[in-house]
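Everything quoted here is computed from the prediction, not taken from an experiment. The first residue of the sequence shown is numbered 1, and numbering continues consecutively from there.
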Amino acid sequence: MDFDRRPILVFWETTRACTLACRHCRAAAIPEPLPGELSTAEAYALLGAVAGFGAPHPVLVATGGDVLMRADLDSIAVRTRELGIPLALAPSVTPLLDERRVASLRGLGIRIVSISLDGAGAAVHDRIRGISGHFEATLAAIRHLRAHGITVQVNTTVMADTVDDLPAILRIVRDATASVWELFFLVHVGRGSALGALGADENEHVCHFLVDASRYGVIVRTVEAPFFRRVVAERGEGGSPPATGLYRRLRQRLEQELGPPVGRPRAQTRATRDGRGIVFVGHDGTITPSGFLPVRLGNVRDDDIVEVYREHPLLRRIRAADFDGRCGACAYRDLCGGSRARAYAASGNPLGEDPGCAYPAAAARARSASKKSATAVRPEVYD
């Protein structure tokens, strides 16, 4: 796919309304819709504009807030199907997502739903979600979705509060027969600004752990951690993981939870990033490179999203890997390119360097360790 012409994913924040108050919410969602949400007619116009990217159409990911709080969701789903636009949903786990609603979503042609799980038990997950009993409700929602033949992607935020639970979360993901585990590395935006992000070296250790985790039958991919692709490439070329510290602890817990690996790595390494293969539309129609990078590019009420994606100077520089600082000089600037959202949150420059990346110091350590390593296992790449 030519990322200069069309994205793979168009995220649409259908509403800011949500009955949860999660501690890390990017949208800082509230119980009621905000003024200025796109109307049904404006939503249909957006769908028509997305169809203008041409075939193969991008996947439209309807998110929020809670997408189930859009009263016109069913008619929107019908319209996307008429236009041939693949539709995925990212709902909140609330009483709205009961078994009857899951069945109706399946009847509307919804095939993929993502569900957030941020702890291996209620102690962590419910504290983050702010509601007692939410962990068990989340497991029940995943069961309902799978029972109706809907593909489930489990989303987990990687931060100080959740990192030690990652191996046990993977066990839950695998046992629930979810297909994808997508890990969102915390960016200080929205309510997440008050939480503890991992440091660069810790991110590196987690990425090495995720390469190992992808050997247990689940596709693993990351959000706002494009340096994961570099780690996958380095491991595939014979590089070694860290010998001590966080990685070693996570690896030991992984084997305690799941035993030895069962296959080759299934790590997604397609070189997308904010504004390259991805574009975001806010509840009020504002176009940004992603939901975590709040730099206004235009508004679908006034601007053609196809033209904005293809021609906006910022997005053209992002796709050209024309960055400043360490990211601009990096040999992996095309494959990785750093988190544009984290660069912006740290410095106000969306083209700046990503402070969450440990390269090149981590690479030097890996090259030294690789001299003692066994034969590398080359990852499978899932696009």
Side-chain angles (χ1 to χ4, degrees), residues 1-16 27 33 36-91 104-114 150-151 153 180 182 223 268 270-291 293 295-316 318-319 383:
M1 183 174 286
D2 181 357
F3 291 149
D4 286 333
R5 302 294 299 168
R6 61 175 59 83
I8 295 176
L9 301 172
V10 175
F11 290 90
W12 174 30
E13 180 188 64
T14 58
T15 180
R16 284 277 178 97
E37 282 188 2
L38 297 183
S39 67
T40 300
E42 290 171 325
Y44 285 1
L46 170 61
L47 300 180
V50 171
F53 280 110
H57 294 306
V59 176
L60 180 67
V61 182
T63 181
D66 183 6
V67 63
L68 297 183
M69 293 186 74
R70 282 280 308 207
D72 55 1
L73 176 60
D74 289 12
S75 62
I76 288 169
V78 170
R79 184 60 178 149
T80 59
R81 187 167 54 185
E82 292 171 348
L83 292 170
I85 300 171
L87 177 64
L89 300 185
S104 74
L105 293 176
R106 185 67 173 83
L108 288 166
I110 303 300
R111 299 291 184 265
I112 302 175
V113 171
S114 64
I150 295 176
T151 297
Q153 170 183 303
V180 179
E182 185 158 280
V223 175
Q268 188 173 67
R270 175 162 255 185
T272 58
R273 53 179 166 265
D274 304 340
R276 181 183 183 184
I278 295 169
V279 71
F280 181 89
V281 178
H283 71 285
D284 60 355
T286 299
I287 305 168
T288 63
S290 81
L293 179 50
V295 175
R296 189 183 188 279
L297 308 173
N299 190 293
V300 297
R301 288 183 165 121
D302 306 308
D303 304 298
D304 178 9
I305 191 172
V306 175
E307 182 178 356
V308 170
Y309 177 81
R310 291 176 179 172
E311 303 299 335
H312 195 281
L314 175 60
L315 300 192
R316 290 172 69 92
I318 288 173
R319 292 195 294 270
D383 292 334

Got a donor-acceptor contact below 3.5 angstrom from the Tyr309 side chain to the Asp304 backbone? no

Quick one, His57 with Leu83, criterion side-chain contact (heavy atoms from CB on, under 4.5 Å). Give me CA distance, side-chain angles, the key distance, then yes/no. CA-CA 9 Å; His57 294 306; Leu83 292 170; over 6 Å; no

Can Ile150 and Arg106 be said to form a side-chain contact (heavy atoms from CB on, under 4.5 Å), step by step? CA-CA 7 Å; Ile150 295 176; Arg106 185 67 173 83; 3.6 Å; yes

Listed partners of Glu307 passing salt bridge (charged side-chain N to carboxylate O under 4.0 Å, His left out), at least two apart: none

Least distance between heavy atoms, Gly275 atom then Leu315 atom: CA-CD2, 3.8 Å

Give the minimum heavy-atom separation between Pro58 and Pro86, together with the two atoms involved. O-CD, 3.5 Å

How far does CG of Asp2 sit from CZ of Arg319, to the nearest 0.5 angstrom? 8.5 Å

So which atom in Arg301 and which in Gly36 form the shortest heavy-atom distance, rounded to 0.1 Å? NH2-O, 2.9 Å

CZ/Arg16 to CG/Asp284 distance, rounded to the nearest 0.5 angstrom? 7.5 Å

Where is the tightest heavy-atom contact between Phe53 and Pro7, given as atom of each residue plus distance? CE2-CD, 3.4 Å

Main-chain N/O of Arg5 paired with Arg310 side-chain donor or acceptor, under 3.5 Å: yes

With sequence neighbours excluded, give me every side-chain hydrogen bond (donor to acceptor under 3.5 Å, both in side chains) pair touching residues 271-283. Glu13-His283, Asp274-Ser290, Arg276-Asp334

Roughly how far apart are Thr15 OG1 and Asp66 CG, rounded to 0.5 Å? 8.5 Å

If I take atom CD1 from residue Ile110 and atom CG from residue Leu89, how far apart are they, to the nearest 0.5 angstrom? 4.0 Å

Take Thr288 and Leu293 through the side-chain contact (heavy atoms from CB on, under 4.5 Å) test and state the conclusion after the steps. CA-CA 7 Å; Thr288 63; Leu293 179 50; 5.8 Å; no

Minimum heavy-atom distance Val50-Ile305, with the two atoms named: N-CG2, 4.4 Å

Take Leu108 and Val78 through the side-chain contact (heavy atoms from CB on, under 4.5 Å) test and state the conclusion after the steps. CA-CA 7 Å; Leu108 288 166; Val78 170; 4.0 Å; yes

On a heavy-atom basis, which atom in Ala62 and which in Leu87 lie closest, and how many Å separate them? CB-CD1, 4.1 Å

Are any non-hydrogen side-chain atoms of His312 and Ile287 less than 4.5 angstrom apart? no

Backbone N/O of Thr286 and side chain of Arg296: donor-acceptor pair under 3.5 Å: no

Result block: side-chain N/O donor-acceptor pairs under 3.5 angstrom for residues 67-76, not counting sequence neighbours:
unit_1	atom_1	unit_2	atom_2	d
Arg70	NE	Asp72	OD1	2.8
Arg70	NH1	Thr14	O	3.1
Arg70	NH1	Leu38	O	2.9
Arg70	NH2	Leu38	O	3.3
Arg70	NH2	Asp72	OD1	3.2
Arg70	NH2	Asp72	OD2	2.7
Asp72	OD2	Thr40	OG1	2.5
Asp74	OD1	Arg101	NH1	3.0
Asp74	OD1	Arg101	NH2	2.8
Ser75	OG	Tyr44	OH	3.4
Ser75	OG	Asp72	O	2.8

